[in-house]
Amino acid sequence: MTWTVPEKPALEGLEQRWIERWEAEGTYRFSGDRPRAEVYSIDTPPPTASGSLHVGHIFSYTHTDTIARYQRMIGKDVFYPMGWDDNGLPTERRVENYYGVTCDPTVPYDPAFTPPAEPAKKRQDFVAISRRNFIELCHGLTAEDERVFEQLFRLVGLSVDWTHQYTTVGERTQRVSQRAFLRNLARGEAYSQEAPSLWDTTFQTAVAQAELEDRERPAAYHDIAFPRSDGEGAVVISTTRPELLVSCVALVAHPDDERYQALFDTTVRTPVFGVEVPIKAHGLAQPDKGTGIAMICTFGDTTDVTWWRELDLPTRAVIGKDGRFAFEPPAWLETDTAREAYARFAGKASGGAQQVMVELLRETGALQGEPEKITHPVKFYERGEKPLEIVTTRQWYIRNGGRSAALRDALVARGQEVVWHPEYMRHRYENWVEGLNGDWLISRQRFFGVPVPLWYRLDENGVPDHDDPLVPDDASLPIDPQSHVPPGYDEAQRDQPGGFTGDPDVFDTWATSSLTPLLACGWEEDEDLFARTYPMDLRPQGHDIIRTWLFSTMVRSHFETDSPPWRNAALSGWILDPDRKKMSKSKGNVVVPLDLLQQHGSDAVRYWAANGRPGTDTAFDTGQMKIGRRLAIKILNASRFALNLGPAPEGATPAEALDRSVLVALADLVDEATRAFDGYDYARALQRTEELFWGFCDDYLELVKTRAYGEDPDDAAAASARATLALALSTLLRLFAPILPYATEEVWSWWQEGSVHRAPWPRADELRAAAETGDRAVLDAAATILGEIRKAKSDAKVSMRADVEAVVVRGPAAFIAAAAQAEQDIVDAGRLRGIAWEEADEVAVEVRLADPPAS
RNA sequence: GGGCGCAUAGCUCAGUCGGCUAGAGCGCUGCCUUCACACGGCAGAGGUCACAGGUUCGAGUCCUGUUGCGCCCACCA
C-alpha cells in the first residue's frame, strides 16, 4: 500500500471522520460466531436516560472502553452492548417537570392528549393525566434523551456495538423481568407479605433498605411520664417523636437494667390517651440512652418493628400513606377525653402533630422539663425530601439472605468467585451482605415501570386472596394486569366479588436492572447468544451502587443460573472537582461533557480519564486534558516524520545495534502493558507507553534521524533505521490505540490496511526475534551521552544545532562498549567531530563546544 | 461501634519481589525563532517519602502503634 502522509496533520475533525467510518465498516461489531472462550462480554451500565450525562460517565465509560479495545486486539470477539435505564422514578420525575403533568390512574386515557405548550411552574398546577398518557410521554422523552446520549458516547469513542441495545422499560425487558420474577415466585424465592415497611410519603411508595440514606436533622428529646397502673408513681421515657404516643403499644428496657427489672410485665397508662401498655424487656434497649426505657410505637423506626415482632405486640398504626394522622380517632381510644385530644392533631403531618402533642402533654403535666434540642440522623429515601415513615402494606419481596444465614453465606461465596478490581472492593460487598436485615422489597406503588404480572381472586365479599395469585402464561408475557385478564376470566369480572383484581404495583427499578446480564445476553430468547456470552466477563460500575445494582444482580443470577453473573467486577471512582469535592449538580460544579470533548478533543479527554486508576477518586483536571492533547498531536507529528523518511526496501531488517536496542525496549514495554491490561490497569499501560514514547521521540528519533535520511537505496544502515521505525511505530500505535482511538487510527490509515482497532495486539516475542542480539543498554547509553551534550549546550546558551569541538566520554567498560555501538549516531545527533572514550568508574561526559562563529 | 482506602516536590500522581543516589507531568526559572512538532524542543531548581517504634546488611516499600483526611456499613428512645 502507498503511504499517504498529510502535510500538516491535525486532530480537528478526526472524531467525525472516524465515527462515520467505524459505523460504516462495522469495526466494533460483535460477530457472534465464536465459542465462549473466544468471546469477551461486557455488562455495560445502562445510564439513567433522564437528565444528562456528566463527566463521571465519560470517565468510567472510557475505562471500560480501553478494556474492550484491548480485548478486541488480543483477538476476542467483544460483546459490548449498550443499555438505557429509562425505568423508574427518575424518568417519572423528569417527565412531570418537563411537561408539567402528573399521573392520575383514575383519569381516563385521552388519545388526543398533547402536553401543555408551557409547562406549569408549580406542582399543584400540573395537569393530571391518565397512566397510559403518562407512560407514552415517558417513552417519548426517554427515546429523545437516548439519542442524545448515543451521540455523545460515540463522540467519546466508545467501541460499543450499537446494534446491541436495550432499554429497561422496553417490551423485551418487561418480558424478561416478569419471566424472571415468575420463576422466582415458582421456586419460592419471591413472596408477598403484609408488613410494616419503610414508606416515602412524597412518592407514596415503599422503598428498600438499599435505597436509604441518613441525613442529620434537628430534633428534641421529650421526657414523658407514664403513670403506673398500680398508682405507685410514674415511669419517665425519653422520645424524639412524642406525636407517636397514641401509637404506643409498650415500654421497653434492657433485661439486665436493675432500675426497671421490678416493673417488667407490669403496666402503665399512656398520658393524655390513658391506654394501658405493658413494660417489656428486650436486649436491644440501651440503658444509657435517655432514661434507659423507651416507648414502642407502631411504628416510629425500624427498631420498633423488631420489638413489635419479637415481643408479639399489637398494632396501633395511625399514620397513613400520605404521612398524615388518620382523621377518624383510633378504635383503641376509649374515652371522649382521649378522642377529643386526638381530634386536635388528626389529619396533620408529623411535624404539626408534634406541636399539638407537646401542648397536650404540657396541659396534662406529663411533659417533664423542657424538650432538649439535638440533631440526629434520620432515614430518608435517597431521592426523597421527607423523613421516611413506617407503614404497614402488602409488598412483594425477593429473598436476599437478609433473613437466612445460609443464603447470606451462599451469596458471600458467589462474591468470592468474582475477581474484583480493585480487590478491596470485595469488602464493601461482603459488608453489605452480612449487614442485611430483611429481604429485598421489590414492589413499588408507582406507574412507569414493569408491572407485577399477577392477579388475585376476589371472594364473595370482594376481598383479594393474596396467598394464591393468578399467574399469566409464559407465552403471554409481558402483561399488564390492569388491562390484561387472567386465564379463565373475562374483563367483566375485574374488581367484582367472585372475580379478580390486578396487582396495582410495578417493580422497583433494581428488580429489573438486576437482570442486565440476562437481558443483554438474550436469556430464554436467544439460546445461541446466551451460550456464547454468559456468564459475562466484566461488570463495570461505580462503587456507590455495590449494594444495589451489583448485589441485586448477584442475587438474581445466583437463583436463575446458579452462577455469578460475571467473572470480573471493575469499580470506578468518583470525579472530584479541583477542591476535592465530589462533583454534583447541587454543588454547581458540574462541567458539560460535550463542551469538554469539543474543546480538548476526545483523545485528550480519554487520556485524562485513563490516568485515573481503577477504583480511585480522580480530580477533574483540564491540565491533564491539555497534556493528552499534546500527546495526541505528538503522535501525529512523530509518525508523520518517521513515515516521511520512507519505507525500508523489501526484506530490510533491523541490523544496527541502536535499532535493535529500541526494539528490546519496546518488547519489554509490550510485556508490561500486556500484564497491566490483563489486570485491568489501563492507567499503568498508558503511563509506561507514554514514558517510552517520549524517550523514543526525544532520543531515538534524534539519534537515528541523520542515518535514516540516507539517499542511497543500498545503504544498509538507512534501511535498518527505516525498518526499525516502521516496526516501532506500528507497535506504539497499537499500544496507544485503546486509549487514543482517534489519533492512532488516523496515523494507521496513512500507511496500513484496515483499522488499528482490529489489528493484533503487539507481541513481545516478535519484537525480540526482530531485535536478535539487541541490548537495551545501547540506547540508554547513547541517550545519556546525548543528554549531557544537550545540557552543555543549554548551559552555554547556544542552539542545539551548535557544533561540538570535542567530546570525551568516560565510564565503565560495559557502558563504553554499549555506547560505542551507536557512535556514529551520537556524532550525527550531537553535531560532534568525534568521540574519545576513556574507561573510568563513573560515567562522565566532557564537552568542549566549538568557538561560536564571529558575528 | 465494625470494615476499607489514602498520606511521597507548590499541585496531580507513579514508585510491582525490600536494593532508591526517590521519579513523571503540571507549575516555576533559564535557554533554543532546530529543515516532524511553538498546540514545540532542551535544560535547571524543587523532597526529613504524615509521625513513633520494630524487623533487616539495607525500609518510601514489610510489621506494630499514633495522627489526619476520605469512603462503606451498622446504630440512632
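Below, chains carry the letters A, B, ... as their sequence lines are ordered, and counting in each starts from 1. All values below were derived from every heavy atom in this structure, side-chain atoms included, with hydrogens, water molecules and symmetry-related copies excluded.
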For the side chain of [X] and the backbone of [Y], is there at least one donor-acceptor N/O pair under 3.5 Å apart?
X        : Y        : value
A:Thr618 : A:Thr616 : yes
A:Lys793 : A:Met800 : yes
A:Thr784 : A:Asp780 : yes

Could you list, one pair per line, each protein nitrogen or oxygen that sits under 3.5 Å from a nitrogen or oxygen of nucleotides 60-64 of chain B, together with the distance?
none

Distance-only polar pair, side chains of A:Arg217 and A:Thr375, donor-acceptor under 3.5 Å: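 No, no side-chain donor-acceptor pair sits under 3.5 Å.
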### Any side-chain donor near an acceptor of the partner, A:Gln286 and A:His254, under 3.5 Å
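No.
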Checklist entry - Are A:Glu7 and A:Arg640 ion-paired here, with the side-chain N under 4.0 Å from a carboxylate O? => result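 Yes, charged N to carboxylate O under 4.0 Å.
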Taking 4.0 angstrom as the limit, do A:Arg241 and A:Glu389 come out as a salt bridge?
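A salt bridge links A:Arg241 with A:Glu389.
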Taking the six-membered ring for Trp, are [X] and [Y] ring centroids under 6.0 Å apart?
X        : Y        : answer
A:Phe736 : A:Phe693 : yes
A:His600 : A:Trp608 : no
A:Trp440 : A:Phe551 : no

- [ ] Assign A:Lys634 to base, sugar-phosphate, or nothing according to its heavy-atom contacts below 4.0 angstrom with the strands shown.
- [x]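 Here A:Lys634 touches the bases of the nucleic acid.
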Checklist entry - With sugar-phosphate meaning primed atoms plus P, OP1 and OP2, does A:Arg831 contact a base, only sugar-phosphate, or nothing at under 4.0 Å between heavy atoms? => result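 Answer is base: heavy atoms of A:Arg831 come under 4.0 Å of a base.
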Contact list for RNA chain B against residues 597-609 of chain A - heavy-atom distance below 4.0 Å: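 Those residues: none at all.
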Original post:
What stems involve RNA chain B, if each pair must be Watson-Crick or G-U and both of its distances must be under 3.5 Å, with 3 or more such pairs in a row?
Top reply: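 So far as stems of 3 or more pairs are concerned, RNA chain B shows B:1-7 with B:67-73, B:10-13 with B:23-26, B:28-32 with B:40-44, B:50-54 with B:62-66.
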Please report the distance, rounded to the nearest Å, between [atom1] in [X] and [atom2] in [N].
X        : N     : atom1 : atom2 : value
A:Tyr424 : B:C4  : OH    : P     : 13 Å
A:Lys8   : B:G40 : NZ    : P     : 11 Å
A:Tyr700 : B:A36 : OH    : C1'   : 15 Å
A:Ile633 : B:A38 : CD1   : C1'   : 11 Å
A:Phe641 : B:G41 : CZ    : C1'   : 13 Å

- Since syn is defined as within 90° of 0, does B:C17 count as syn or as anti?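 This nucleotide is in syn.
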Tabulated below should be each protein N or O lying under 3.5 Å from an N or O of nucleotides 27-34 of chain B; please produce it.
residue	atom	partner	partner atom	Å
B:G30	N2	A:Ser794	OG	3.1

Does A:Lys280 make a cation-pi contact with A:Tyr260, if we ask for NZ or CZ under 6.0 Å from the ring centre and within 45° of the axis?
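Geometry flag: not set, cation outside 6.0 Å or 45°.
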What protein N or O atoms touch nucleotides 14-17 of chain B N or O atoms at under 3.5 angstrom, if any, and at what distances?
residue	atom	partner	partner atom	Å
B:A14	O2'	A:Gln687	OE1	2.7
B:G15	OP1	A:Arg684	NH2	2.7
B:U16	N3	A:Arg684	NH1	2.8
B:U16	O4	A:Glu672	OE2	2.9
B:U16	O4	A:Arg684	NH1	2.7
B:U16	O4	A:Arg688	NH1	2.3
B:U16	O4	A:Arg688	NH2	2.8

> What distance separates A:Glu690 CD from A:Leu732 CG, expressed to the nearest 0.5 Å?
Replying inline: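 A:Glu690 atom CD to A:Leu732 atom CG measures 12.0 Å (nearest 0.5 Å).
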In 5'-to-3' order, the base (B), backbone-only (S) or no-contact (-) status of each nucleotide in nucleotides 72-77 of chain B, using a 4.0 angstrom heavy-atom cut-off, is SSSBBB
Discussion item. Using the rule ring pair (Phe, Tyr, Trp, His ring centres under 6.0 Å), only one of A:Trp549, A:Tyr424, A:Trp420 pairs with A:Tyr429; which is it?
Written reply: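 Going through A:Trp549, A:Tyr424, A:Trp420 one by one, the ring pair (Phe, Tyr, Trp, His ring centres under 6.0 Å) with A:Tyr429 is satisfied by A:Trp420 alone.
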For this session: Would you mind telling me which of B:G41, B:U12, B:C39 lies closest to the side-chain atoms of A:Arg629?
Result: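 Side chain of A:Arg629 sits closest to B:C39.
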**Q.** side-chain N/O A:Arg630 vs B:C26 OP1/OP2, d < 4.0 Å
**A.**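 Yes, A:Arg630 has a side-chain N/O under 4.0 Å of OP1/OP2 on B:C26.
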